[in-house]
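Counting from 1, the numbers follow the sequence of the chain as shown.
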Amino acid sequence: CTLDLRPLFPLTPKSGEIPTAEFQLEKGHSTMKLFIGILLCTLIMGVTGESWYSFFKEAVQGASDLWRAYWDMREANYQNSGRYFHARGNYEAAQRGPGGVWAAKIISNVGEYLQGFLHQIYLGRDSFGLEGRVSNRRAAEWGRSGQDPDHFRPEGLPKKY
């Protein structure tokens, strides 16, 4: 007994059938659909029990906290200060509430993934900077957990930061 799922998935070819251009187009976009689905699921899970408006407001404010910490890091241009700024940005975002924590997790994880991906493409090796990325991830988790980001503050960093 064979089960025909074509009514449920109209662009799926039968076995032995040559895929059409429509099927190939659909297959190419499946990764993007998966990514968007995962993003929406994490968003919905983060909003449970909270109002949508406050969650989105916290997420936007948390994203701006991370952005500000990133630009401060660029402006300071101080050696060995990356962990401090990662911890500080995530700490400030987490202080906003569940939306800020969600934004900090998503932005930090996507940034780390892109950094590894770009190293793989341009340098041909994935392990380049692995120790630094792991160190930055731990600093971000430290900040998101509500612990003091000054733990990672390097000696001599101006008080402005």
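When all heavy atoms are compared, the tightest approach of A69 to R88 is CA-NH2, 3.3 Å. What you find for N90 and A104 is that their closest heavy atoms are OD1-CB, 3.3 Å. A pairwise comparison of heavy atoms in P149 and Y91 identifies CD-CG, 3.9 Å as the closest pair. For A103 against L66, the heavy-atom pair with the smallest separation is O-CD1, 4.1 Å. The two residues S64 and Q61 have their closest heavy-atom pair at OG-O, 2.7 Å. The shortest heavy-atom contact between E58 and G99 is OE1-N, 2.9 Å.
Atoms CD and OG, on E141 and S108 in that order, are 9.0 Å from each other to the nearest 0.5 Å. The distance from the CG atom of N77 to the CG atom of D72 is 12.5 Å, given to the nearest 0.5 Å.
Around atom CD of E75, more than 12 heavy atoms belonging to other residues, nucleotides or ligands sit under 6.0 Å away.
Remark: R138 pairs with V134 by the side chain to side chain contact (heavy atoms under 4.5 Å, CB included) rule, at least two apart or across chains. Every residue meeting the salt bridge (charged side-chain N to carboxylate O under 4.0 Å, His left out) condition with D150, not counting sequence neighbours, appears here in chain and number order: R153. A search for salt bridge (charged side-chain N to carboxylate O under 4.0 Å, His left out) contacts involving E155 returns nothing, not counting sequence neighbours. Residues meeting the salt bridge (charged side-chain N to carboxylate O under 4.0 Å, His left out) test with R83, sequence neighbours left out: none. For E112, the salt bridge (charged side-chain N to carboxylate O under 4.0 Å, His left out) partners at least two apart in sequence or on another chain are R137.
In this structure, W67 shares a hydrophobic cluster with Y70, W71, M73, Y78, Y84, F85, W142, F152, L157, Y161, the cluster being traced through Ile, Leu, Val, Met, Phe, Trp and Tyr side chains under 4.5 angstrom apart.
The hydrophobic cluster containing I107 does not contain Y113, counting ILVMFWY residues as joined when their side-chain heavy atoms lie under 4.5 angstrom apart, directly or transitively. V110 and W102 fall within a single hydrophobic cluster, where Ile, Leu, Val, Met, Phe, Trp and Tyr side chains are chained together by heavy-atom contacts under 4.5 Å.
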